[in-house]
Amino acid sequence: DQQVKQNSPSLSVQEGRISILNCDYTNSMFDYFLWYKKYPAEGPTFLISISSIKDKNEDGRFTVFLNKSAKHLSLHIVPSQPGDSAVYFCAASEDSGNTPLVFGKGTRLSVIA
Amino acid sequence: DTEVTQTPKHLVMGMTNKKSLKCEQHMGHRAMYWYKQKAKKPPELMFVYSYEKLSINESVPSRFSPECPNSSLLNLHLHALQPEDSALYLCASRRQALMNTEAFFGQGTRLTVV
């Protein structure tokens, strides 16, 4: 049973426009959510995170929104750049460090120039 | 320093070989992880070490043997692997504290079993 779901395997966006990547989760014990970006044959790179006590966290062009009642989070990238093209993984965990991250299946973002 | 270093970057081994993957971090993180990733799939958890003790083994076959010699090092010993074990093996570390923190990943070891 998938606890973290990314239902869109791929997304194409024009350069300069907004990219919105979505993630749903089923485990109500999750209290910390992260987004990772991954290029082929490399390890995931941390992008941005949000704790369950917040509903929004912003870092430069990246904003993560959390809707706890809907068990839904989204990553907004604006403006999108060609260098943002990668696979984006949503991840979640239940506590501060011992519980491992549970990953979604990823969404491949292509930003077209 | 937010780096997790994995060696080697690439490894080709036969099914009768014994090899080891190494992972090192100097961030003072006390939780370390091994993940396995196949193409077009998310990383799958294999092992978790917490304060140098194995705390989670996700029913990984015994041909994979983890070892945590100290708080900075994590090894994965490989023996009698199968071709289907070919994958990208990722090491990650995370600070254990009261606050939630991100996990830092290494660049991975691309393993091919022939």
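Every chain is numbered from 1 and lettered A, B, ... according to where its sequence line falls, protein lines coming before strand lines.
Between B:Thr101 atom OG1 and A:Tyr32 atom OH the span is 6.0 Å, to the nearest 0.5 Å. With rounding to the nearest 0.5 angstrom, the CZ atom of A:Phe46 is 10.0 Å from the CZ atom of B:Arg94.
By the rule that hydrophobic residues join a cluster once side-chain heavy atoms approach within less than 4.5 Å of another member, A:Leu75 and A:Leu34 end up as members of separate clusters. Placement of A:Leu66 and A:Ile77 within a single hydrophobic cluster is found when ILVMFWY residues are connected by side-chain heavy-atom separations under 4.5 Å, directly or transitively. In terms of hydrophobic clustering, with Ile, Leu, Val, Met, Phe, Trp and Tyr side chains grouped at heavy-atom distances under 4.5 Å, B:Val12 and B:Leu111 are assigned to different clusters. The cluster map of Ile, Leu, Val, Met, Phe, Trp and Tyr, joined by side-chain heavy atoms under 4.5 Å apart, puts A:Val64 and A:Val78 in different clusters.
Using a 4.5 Å heavy-atom threshold, the side chains of B:Tyr35 and A:Pro44 count as separate. A:Lys38 has its side chain out of reach of B:Phe105: every pair of non-hydrogen atoms, C-beta onward, lies at least 4.5 Å apart. Side-chain atoms of A:Phe89 and B:Pro43, non-hydrogen and from C-beta on, do get closer than 4.5 Å to each other.
Counted within 6.0 Å of CZ on A:Arg108, heavy atoms from surrounding residues, nucleotides or ligands total 12 or fewer; the atom is thus considered open. In the displayed structure, A:Arg17 atom CZ is contacted under 6.0 Å by at most 12 heavy atoms of other residues, nucleotides or ligands. Around the NZ atom of B:Lys38, the shell of radius 6.0 Å holds more than 12 heavy atoms that belong to other residues, nucleotides or ligands. Atom NZ of B:Lys19 sits in a sparse spot, with 12 or fewer heavy atoms from other residues, nucleotides or ligands closer than 6.0 Å.
The two atoms that bring B:Leu88 and A:Glu42 nearest to each other are CD2-O, 3.8 Å, heavy atoms only. What you find for B:Leu45 and A:Pro100 is that their closest heavy atoms are CD2-CG, 3.1 Å.
Counting heavy-atom pairs closer than 4.5 Å to chain A, the top-ranked of the candidates B:Cys91, B:Ser93, B:Ala103 is B:Ala103.
With a threshold of 4.5 angstrom between heavy atoms, B:Gln37 approaches chain A through side-chain atoms but not through N, CA, C or O. In this structure, chain B has no heavy atom under 4.5 Å from any part of A:Tyr39. Using a 4.5 Å cut-off between heavy atoms, A:Leu101 contacts chain B through both its backbone and its side chain.
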A:Ile48 vs B:Glu102, test: side chain to side chain contact (heavy atoms under 4.5 Å, CB included). Steps then yes/no.
CA-CA 9 Å; A:Ile48 192 168; B:Glu102 65 271 28; over 6 Å; no
